[in-house]
Amino acid sequence: MKNLVKYLFLTLFLIEATSCTNENINTLSYPDNNVNLDNVTYTNTIKTFIDNNCISCHGAVNPTAGLDISTYTKAKNNINLILSRIDLQTGQNGIMPPSGRMPENTIQAFKNWQTQGLTE
């Protein structure tokens with residue numbers, strides 16, 4: 001019986017630790033539609049989105065798929081991977097977030113951040 005309890009506890013722990021909390025498109029927080037896409041910086045646009053939607057799975061502690069984007073430097077260094085995942089279409093393997101494609105203005109904010117020099 002003790003082994004069964006341990007097994008159940010371990011199973012529940014692993015499910016919780018590896019599940020994404022943003023699998024429903026309705027629970028995600030996107031930058032305001034009025035975000036200034038002409039001056040995208042990590043601090044004024046990108047960090048808020050990452051903190052609200054990505055950190056639960058891709059934070060510093062046990063990041064899903066080994067992708068930690070919890071700091072400016074880590075997000076900057078992984079921008080190509082981030083863009084390759086958020087630019088997929090809903091239903092494609094590997095799309096981020098798993099719930100489906102983000103609004104175009106959000107994807108464009110990440111793209112502009114890159115083309116504008118990945119400013120902090």
Side-chain angles (χ1 to χ4, degrees):
M1 184 64 167
K2 259 186 172 179
N3 286 338
L4 179 61
V5 172
K6 287 180 186 178
Y7 175 76
L8 287 174
F9 177 76
L10 180 60
T11 300
L12 290 174
F13 173 78
L14 289 174
I15 290 171
E16 179 64 28
T18 60
S19 64
C20 181
T21 60
N22 286 322
E23 291 183 3
N24 180 341
I25 196 86
N26 298 319
T27 65
L28 298 175
S29 297
Y30 297 106
D32 188 321
N33 284 332
N34 297 319
V35 69
N36 180 358
L37 293 176
D38 294 328
N39 185 28
V40 178
T41 67
Y42 176 79
T43 303
N44 74 11
T45 308
I46 302 302
K47 183 178 184 329
T48 300
F49 179 81
I50 289 174
D51 286 349
N52 290 339
N53 301 289
C54 308
I55 289 300
S56 62
C57 295
H58 298 291
V61 178
N62 195 24
T64 302
L67 179 60
D68 175 3
I69 55 173
S70 61
T71 67
Y72 163 72
T73 300
K74 291 174 182 179
K76 179 180 78 164
N77 291 343
N78 286 290
I79 190 61
N80 289 328
L81 178 59
I82 293 168
L83 287 173
S84 74
R85 296 308 181 110
I86 67 173
D87 209 18
L88 293 172
Q89 298 298 316
T90 299
Q92 285 187 288
N93 189 31
I95 188 170
M96 287 290 129
S99 56
R101 190 170 169 89
M102 294 184 279
E104 290 304 316
N105 71 311
T106 303
I107 295 169
Q108 193 61 52
F110 277 87
K111 289 178 178 180
N112 286 13
W113 181 49
Q114 182 184 43
T115 60
Q116 294 169 10
L118 301 164
T119 305
E120 187 171 14

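With values rounded to the nearest 0.5 angstrom, Ser84 atom OG is found 10.0 Å from Met96 atom CE. Atoms CD1 and CG, from Ile82 and Leu67 in turn, are 6.0 Å apart once rounded to the nearest 0.5 Å.
Within the structure, salt bridge (Lys or Arg N to Asp or Glu O under 4.0 Å) contacts touching residues 62-74 (residues at least two apart or in different chains) are Asp68-Lys74. Listed by first and then second residue, the salt bridge (Lys or Arg N to Asp or Glu O under 4.0 Å) pairs that reach into residues 86-97 are Asp87-Arg101, Asp87-Lys111, sequence neighbours excluded. Residue pairs meeting the ring-ring contact (aromatic ring centres under 6.0 Å, His included) criterion with at least one partner in residues 58-100, sequence neighbours excluded, are Tyr42-Tyr72. Applying the ring-ring contact (aromatic ring centres under 6.0 Å, His included) test to pairs two or more places apart or on separate chains, none has a residue in residues 76-106.
Gln114 meets the side chain to side chain donor-acceptor pair (under 3.5 Å) test with Asn80; sequence neighbours excluded. The side-chain contact (heavy atoms from CB on, under 4.5 Å) search around Thr73 returns Thr71, Asn77, not counting sequence neighbours. Lys47 pairs by the side chain to side chain donor-acceptor pair (under 3.5 Å) definition with Asp51, not counting sequence neighbours. By the side-chain contact (heavy atoms from CB on, under 4.5 Å) test, Gln116 is found to be paired with Val40, Asn112, residues two or more places apart in sequence or in another chain being considered.
Of all non-hydrogen atoms in Ile95 and Thr90, the two that sit nearest each other are CD1-N, 3.5 Å. Across all their heavy atoms, Leu88 and Asn93 have their closest contact at CD1-O, 3.5 Å.
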Pair Ile50-Phe110, side chain to side chain contact (heavy atoms under 4.5 Å, CB included): steps then yes or no: CA-CA 11 Å; Ile50 289 174; Phe110 277 87; 4.2 Å; yes

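For the pair Ser70/Ile55, a side-chain contact is recorded, criterion being any heavy-atom separation below 4.5 Å from C-beta on. A 4.5 Å side-chain heavy-atom check between Glu120 and Thr43 finds at least one atom pair inside the cut-off.
Leu118 pairs in a side-chain contact (heavy atoms from CB on, under 4.5 Å) with only one of the listed residues (Ile79, Thr41, Ile46), which is Ile79.
Think of Val61 as one node in a network of Ile, Leu, Val, Met, Phe, Trp and Tyr side chains linked at under 4.5 Å; it has no links at all.
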